[in-house]
Structure formats: C-alpha cells, structure tokens
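Predicted model only: the values in this text are computed from it and were never measured.
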Amino acid sequence: MDPKHLRIYLVTDEGLSGARGVVETVRQAVAGGVTIVQLRDHDASSRRLVETARQLLEVTRSAGVPFVVDDRLDVALAVGADGVHLGQSDLDPVDARRIAGPGFLIGHSVSSPDELRAADEWPAGTVDYLGIGPLRATTTKPNAAAPLGYDGVRAIAGATALPSVAIGGIGVGDVAPLLDAGVDGVAVVSAICAAADPAAAAAELRTAVERSAP
C-alpha cells in the first residue's frame, strides 16, 4: 500500500464520539484530512457493525480514503471494505489473506520484536502494513500490551520494510518524534473522536505530519 495512506489513521470510538455519532465524526475528520479510517466497535452486534460499516464506506469512498474494519474479516468482506486490521488474538493473517485474496488490505498489530519476527515468517504479501504500539497506556484499549515508548516503536519500525503506523495515546506533540522513529503515520482515537471539532483536530494532526514527513 501507499504509506501516505497511513499518515493520519483514525480509529473510531462510539463512546468518545458522543451524541455526534461515529459516522458524523468520521465525516468531519475526513474533511479535516485523515488518510485512512478503521471501524472499531467490539460491543456492537454483527448486524449493527455491518450497518455502521456501510455508512462509513460511503463517507470514505467518496473522499478517496481507505476504509478498514477492526478484527472482523467477515464484516469487511460483506460491505466491500478496503481491508481489515487484525490483532494478535484475531484470525491469523495468513488465513485472512487466503480468504480475501490479493488486493485487499490486511493490517496487523505488533507490540514486540518477537511478534514482528513471527510475522516475518509469513508468505510475502500476507500483511500490507503494521500497527506498532501502544506508545503509551490508554483507556481506549485497556487490555493492550505494555507501552513501548518512542524507543520501542523505533526498534520495531526499524526492523521491518513494511509501512507502519504507531498507536496508543498519541497527540499532536508525538507526531515529530514518532515519524523520526521510523513510522509512516500516527493512529489516533481520542485525539479526534473526543475533540469538540474533529475536522480541526484532524487538520492539526495532518499539518504536523506533513511538516515532519521525510
């Protein structure tokens, strides 16, 4: 995939979106400059997840922004999403690639050099990009792995040729040191979903990334 699509990676959160809702939050964030959107809602039923995914796909497709679904390959394929993002306890990416075929984005979360080495053993083309983190502990994913800090992100990003994005409690002030650490972009949840003005928050992040990108 084009690493530029990872520059501002929005992960949705229904609770933080509040009365505005996830779809409107994404609509405003896309207008502000996010470059990829991931639907994440572990509490939604399958049917509700599909309904939300279809609405988000309309928003992202019209803007030329890739849209992926967290964890659920079945939902991603059902709605015609651009891809899926898989964590360590989700469907094995090798199996996901076998099911989805080529031309479908598959992202994978890694939190340690050991997890990266395991991914390196997969057939070429299994995974399109990596999500590296968490940078720091965050309430939006309480069961996440231990925080990596900048040095931990640098160690993993520097050991892979795959495009990568850092995640975990990231704000505007983290953009420059993270891009210097070798990732292609930043994934955010609260920084946009909890913002009073998602478009302005996205635009601020986009400006910070454009200033720091190689």
Side-chain angles (χ1 to χ4, degrees), residues 1 5-6 9-16 22 26 36-54 56-57 60 66-135 137-148 152-153 156-157 159-160 162-170 183-189 193:
M1 72 179 299
H5 284 307
L6 295 175
Y9 188 123
L10 172 61
V11 180
T12 68
D13 186 293
E14 182 173 350
L16 292 175
V22 166
V26 169
I36 185 169
V37 173
Q38 178 194 123
L39 170 59
R40 185 170 78 182
D41 189 343
H42 296 162
D43 296 325
S45 67
S46 296
R47 189 163 298 185
R48 183 179 174 191
L49 203 60
V50 165
E51 292 171 354
T52 304
R54 285 192 170 125
L56 293 182
L57 188 58
T60 55
F67 172 66
V68 303
V69 179
D70 185 46
D71 294 356
R72 297 289 300 273
L73 177 62
D74 57 337
V75 173
L77 292 175
V79 303
D82 299 295
V84 67
H85 188 90
L86 300 170
Q88 290 292 319
S89 61
D90 299 328
L91 180 66
D92 190 308
V94 175
D95 293 324
R97 177 60 69 198
R98 185 181 305 117
I99 295 169
F104 183 83
L105 295 177
I106 296 180
H108 183 56
S109 297
V110 293
S111 302
S112 69
D114 285 345
E115 290 177 355
L116 179 61
R117 281 190 287 274
D120 284 341
E121 295 179 359
W122 296 332
T126 297
V127 172
D128 296 286
Y129 71 92
L130 297 175
I132 301 173
L135 171 68
T138 170
T139 57
T140 59
K141 195 170 185 180
N143 59 343
L148 294 171
V153 172
I156 297 175
T160 180
L162 286 170
S164 61
V165 59
I167 189 169
I170 292 171
V183 296
D184 297 286
V186 292
V188 298
V189 185
C193 292

Go through the steps for Tyr9 and Asp184 under the test side chain to side chain contact (heavy atoms under 4.5 Å, CB included), then give the verdict.
CA-CA 10 Å; Tyr9 188 123; Asp184 297 286; over 6 Å; no
* For the residue pair Leu77 and Phe104, establish whether any side-chain heavy-atom pair is separated by less than 4.5 Å. => yes
Taken in chain and number order and not counting sequence neighbours, the residues that satisfy side chain to side chain contact (heavy atoms under 4.5 Å, CB included) with Asp71 are His42, Asp90
d(Leu148 CG, Leu135 CG) to nearest 0.5 Å is 7.5 Å
Open item on the list: Could you check whether any side-chain heavy atom of Ile132 comes within less than 4.5 Å of a side-chain heavy atom of Val110, counting everything from C-beta outward?
Closed with: yes
Val153 and Ala166 have their tightest heavy-atom pair at CG1-CB, 4.3 Å
Residues pairing under side chain to side chain donor-acceptor pair (under 3.5 Å) where one sits in residues 73-84, two or more places apart or in two chains, turn out to be Arg61-Asp82, Arg72-Asp74
Sorted by chain and number, sequence neighbours left out, salt bridge (Lys or Arg N to Asp or Glu O under 4.0 Å) with Asp114 holds for Arg117
Handout entry: Sidechain-backbone polar pair: Ser111 side chain, Gly133 backbone, donor-acceptor under 3.5 Å
Key = yes
The reported gap from CG in Leu73 to CG in Asp95 (rounded to nearest 0.5 angstrom) is 10.0 Å
| query | Side chain of Thr160, backbone of Ala157: donor and acceptor closer than 3.5 Å? | reply | no
For Ala44 and Leu49 the tightest heavy-atom approach is CB-CD1, 4.1 Å
Derivation and outcome, side chain to side chain contact (heavy atoms under 4.5 Å, CB included), residues Val75 and Val50: CA-CA 6 Å; Val75 173; Val50 165; 4.0 Å; yes
Worksheet item: Just by distance, do the side chain of Asp128 and the backbone of Ile106 share a donor-acceptor pair under 3.5 Å?
Response: yes
Between Ile170 and Ala187 the two heavy atoms that sit nearest each other are CD1-O, 3.8 Å
- Query: Angle class for the Tyr129/His85 ring planes (parallel below 30°, perpendicular above 60°, tilted otherwise)?
  - Reply: tilted
Heavy-atom side-chain contact between Leu130 and Leu116 under 4.5 Å:
yes
Between Val127 and Pro93, the two heavy atoms sitting closest are CG2-CB, 4.0 Å
Any donor-acceptor pair under 3.5 Å from Asp70 side chain to Leu39 backbone
no
To the nearest 0.5 Å, atom CD1 of Ile99 lies from atom CG of Asp92 at 10.0 Å
To the nearest 0.5 Å, atom CZ of Arg40 lies from atom CG of Leu10 at 10.5 Å
Are any non-hydrogen side-chain atoms of Asp41 and Thr52 less than 4.5 angstrom apart?
no
Scanning both residues in full, the closest heavy-atom pair of Leu57 with Val79 reads CD2-O, 3.1 Å
Shortest non-hydrogen pair, Gln88 vs Ser109, comes out as NE2-O, 2.7 Å
Is the shortest heavy-atom distance from the side chain of Met1 to the side chain of Leu6 under 4.5 Å? yes
message = Looking at Val22, is its backbone amide N or carbonyl O close enough to the side chain of Glu14 to form a donor-acceptor pair, meaning the two atoms are under 3.5 Å apart?
response = no
